[in-house]
Amino acid sequence: MRDNLILRVTARILIPIIILFALYVQFHGDYSPGGGFQAGVIFSSAILLYALAFGLDTAAKVVPNQALIATASLGVLLYAGTGVVSLFFGGEFLNYSLLADEPTTGQHIGIIIIELGVGLTVAAIMLLIFFTFARRILN
Amino acid sequence: MITDILTGVFVSLGCTLGLIGGLGMHRLDDFYARLHAVGVTDTLCSFFILFGLALQTGLSFVTIKLLLIFLFLLFTSPAASFSLANNAWQWGLRPKGTNSEPVSSFNKDAS
Amino acid sequence: MKHTISLGALLFALWVLLSGHLEPLLLGFGVLSVIFSLYIARRMDVVDHESHPIHLTFKLLKFWLVLGKKIFQANIDVTLRILGFKAVEPQLIKLKMDQTTDLGKAMYANSITLTPGSASIHMEEGELYVHTISRQGAQDLFDGDIADIIPHDKTSSDTGANQ
Amino acid sequence: MNLLLVAASLAIMTTMALALARALLGPTIFDRILAVNMFGTKAVLLVAVFAFVSGRPDVLDIALLYSLLNFVGVVAALRLVERGKDYADHKKPEINKDGSNP
C-alpha cells in the first residue's frame with residue numbers, strides 16, 4: 001500500500017467532496033439528519049483518508065497540532081461564550097431566544113453558533129486522538 | 001402506474017443480482033474470484049436498485065441524491081477492491097487454479 | 001488557478017444540489033464552505049489537472065457510455081458463471097500500460113476493476129496484473145478491449161506545461 | 001408499492017447476511033474485509049430503500065455519507081492488517097521461488 005497509485009488518485013478526488021459534505025451536514029442540522037458532532041467526525045475522516053493515502057507526516061503538515069489545539073479551544077469558547085452572552089442579556093445560560101429582537105431569529109443564530117462550536121471541537125479532538133495514537137504505533 | 005411497474009422490475013432485478021452476488025461469495029472458492037462477485041453487486045445491482053427508486057420521484061433533488069450515491073459508489077468501490085487485492089498480493093496470497101506468475105499472452109502456453 | 005476555480009464551481013454546484021434550499025443564508029454558508037474546502041484542498045495540494053480533468057470532459061462522457069455497456073455485458077457473464085451455467089476458469093495475466101499520467105493509469109485499472117469478471121490486483125512500472133474469471137475475458141483484455149476506450153491523456157501534459 | 005420495497009429490503013438484508021457469513025467464515029483476513037466492504041455497499045442501498053419506505057427522503061444523506069465513509073473504513077482496516085501481518089489468520093505464506101503458494 002506504500003505506493004498505491006489508485007488510492008492516491010481516488011483520495012485526491014474524494015477529499016474536497018467529503019469536506020464539503022461535512023460542512024453541508026454542519027449547516028443543515030435543522031433540515032436533515034446531522035449537526036455539529038456528525039460534521040466534525042466527517043471532516044476528521046477526510047483528513048484521516050489523506051493521512052492514510054499520503055502518509056502521516058504529510059497530513060500533520062496540513063493540520064498542525066497547535067492549530068488543532070487552538071481550534072478545539074475555540075469551539076468550546078464559542079459554545080460557552082454563547083451561553084454567557086445570553087446571561088448578559090438577562091436570561092439563563094444558553095437561553096438564546098434573547099440573542100436577537102425576535103426570539104425565533106435569536107434561536108436560529110444561537111443554534112448555528114452552538115453547532116459550529118461543537119463541530120470545531122469534535123473535528124479537532126478526533127484528529128488529535130487519531131494523530132496521537134497513530135504516532136504511538138509508529139514509534 | 002407505469003412507473004410503478006418499471007420500479008418494480010428494476011428493483012427486483014437489482015435485488016436478484018445482489019442475491020446472486022451474495023451466493024457468489026460462497027460458491028467461488030478463493031479471494032480473487034470473490035472480488036468478481038463483489039463487482040457484480042457494486043455495479044449493476046446498485047444501478048438497478050437506485051434507478052428503480054429514482055423513477056419514483058421524477059426529476060428532483062431526491063433523484064440527484066440517488067445519482068450522487070451511485071457516482072460515489074462507482075468511484076470508491078474499484079479503489080477499495082484494488083487496495084484489497086493489492087494488499088493481498090503483496091502479502092503473498094496467490095490465486096487458486098491459475099499460473100503462479102502472470103502471463104503476458106496466451107500464445108506461448110496452451111494450458 | 002484555473003483548476004481551483006473549476007473545482008470551486010463544481011463544489012458549489014454540489015452544495016446547491018445537496019442542499020436544495022435556495023435561501024440567501026444557506027447559499028452564503030455554501031460560499032463560505034466552498035472557500036474553506038478549497039483552502040484545505042490547496043493546503044493538501046490535491047488540486048491539479050490530474051485530480052480534476054476538465055480538459056477531458058467530452059471524451060469522458062463517451063468513455064462512460066461505452067464502459068457502461070461493457071459493465072452490463074460483463075455482469076451478465078459473471079452472473080451466469082456464478083450460477084454454474086458457464087465454467088469458472090480463473091486466469092492471471094499482465095497487461096502493458098501505455099498511459100503516462102497517474103490519472104490515466106488509475107482510469108485504466110479502475111475500468112478493469114469495475115468490469116466484473118476482471119480485477120486489477122497489482123501495478124508495476126508499466127505493467128498491470130489482472131485476475132480474470134474467464135479465459136475469454138483475459139483474451140479480450142489482451143486484445144485491448146478496455147485499453148481502447150480510455151481517453152488519451154496526451155493533452156494533459158500540455159495543460160500542465162502552460163499553467 | 002411499499003410492499004415491494006419492503007420485500008426488496010428483505011432481499012438486500014439476505015445479501016448482507018450472506019456477506020456477513022463470508023466475513024465470519026474467512027478464511028483469510030482479506031475475505032473478511034471484502035465481505036465487510038460488500039456489507040457496507042448493501043447497507044447504502046438498504047438505507048436508500050428505507051428512505052423511500054418511510055417517506056423521508058432526507059435520510060438519503062446518510063446513504064450518501066456511508067458510501068463515502070465505507071471506503072475510508074476499508075482502507076483503514078487494510079492499513080491495520082498491513083502493519084501487523086500476523087493479525088491475519090494464517091501466518092504470512094512462504095512464497096516459493098516461482099511465486100506459487102506452498
Side-chain angles (χ1 to χ4, degrees), chain B residues 4 7-8 11-12 14-26 30-32 34-35 37-38 41-42 45-46 49-50 52-53 56-57 60-62 65-66 68-77 79-81 83-88 90-96 99-102, chain D residues 1 4-5 7-12 14-19 21-23 25 27-31 33-35 37-38 40-42 44-45 47-49 51-52 57-58 60-61 63-64 66-68 70-75 78-79 81-82 85 88 90 92-96 98-101:
Chain B
D4 275 8
T7 304
V11 171
S12 334
C15 288
T16 317
L17 276 177
L19 285 172
I20 291 172
L23 198 67
M25 288 297 273
H26 293 268
D30 83 322
F31 164 74
Y32 293 99
R34 283 177 199 135
L35 276 175
V38 173
T41 67
D42 275 355
C45 163
S46 319
I49 292 182
L50 294 174
L53 291 177
Q56 282 291 300
T57 55
S60 70
F61 283 109
V62 177
K65 270 185 191 166
L66 289 171
L68 282 176
I69 293 175
F70 181 62
L71 278 183
F72 288 162
L73 283 179
L74 216 55
F75 269 96
T76 56
S77 76
S81 289
S83 300
L84 259 164
N86 193 23
N87 249 33
Q90 287 184 345
W91 183 70
L93 191 70
R94 291 292 178 268
K96 276 184 197 159
N99 321 59
S100 48
E101 278 300 304
Chain D
M1 199 61 235
L4 184 120
L5 289 183
S9 37
L10 280 179
I12 296 175
T14 316
T15 314
M16 286 165 85
L18 284 169
R22 179 44 68 195
L25 288 172
T28 64
I29 188 83
F30 302 106
D31 288 285
I33 301 178
L34 185 70
N37 179 24
M38 182 177 167
T41 319
K42 297 291 106 180
V44 171
L45 296 179
V47 173
V49 172
F52 278 78
D58 41 321
L60 282 178
D61 285 354
L64 210 59
Y66 202 45
S67 62
L68 287 174
N70 185 26
F71 169 64
V72 183
V74 169
V75 174
L78 280 174
R79 253 302 139 83
V81 176
E82 183 196 43
K85 299 281 187 192
H90 306 297
K92 188 179 168 72
E94 306 285 322
I95 303 177
N96 298 339
D98 58 345
S100 64
N101 263 356

Report summary line: Pair count under 4.5 Å, heavy atoms only, with chain D: among B/Ser81, B/Cys45, B/Ala80, highest is B/Ala80
Requested in this report: Name the option with the most non-hydrogen atom pairs under 4.5 Å to chain D; the candidates are B/Thr41, B/Leu35, B/Ile49.
Outcome: B/Thr41
Report task. Take D/Asp31 and D/Thr28, measure what side chain to side chain donor-acceptor pair (under 3.5 Å) needs, and give me the verdict at the end. Result -> CA-CA 5 Å; D/Asp31 288 285; D/Thr28 64; 2.6 Å; yes
Report task. Select, from D/Val44, D/Leu25, D/Asn70, D/Asp61, the one with the greatest count of heavy-atom pairs under 4.5 Å involving chain B. Result -> D/Asp61
Inter-residue atom distance [X].[atom1] - [Y].[atom2], 0.5 Å rounding:
X: B/Gln56; Y: B/Thr7; atom1: CD; atom2: OG1; answer: 4.0 Å
X: B/Asp42; Y: B/Phe70; atom1: CG; atom2: CZ; answer: 10.0 Å
X: D/Met38; Y: B/Met25; atom1: CE; atom2: CE; answer: 5.5 Å
X: D/Leu45; Y: B/Leu73; atom1: CG; atom2: CG; answer: 6.5 Å
X: B/Ser83; Y: D/Phe30; atom1: OG; atom2: CZ; answer: 11.5 Å

Side chain, backbone, both or neither: which part of [X] has an atom under 4.5 Å from a heavy atom of chain D?
X: B/Leu68; value: both
X: B/Leu50; value: side chain
X: B/Leu23; value: backbone
X: B/Val62; value: both

Is [X] in contact with chain B via its backbone, its side chain, both, or neither, using a 4.5 Å heavy-atom distance?
X: D/Leu34; value: both
X: D/Ala21; value: both
X: D/Ala17; value: neither

Report summary line: In terms of heavy-atom contacts, D/Leu5 and D/Val49 come closest through O-CG1, 3.6 Å
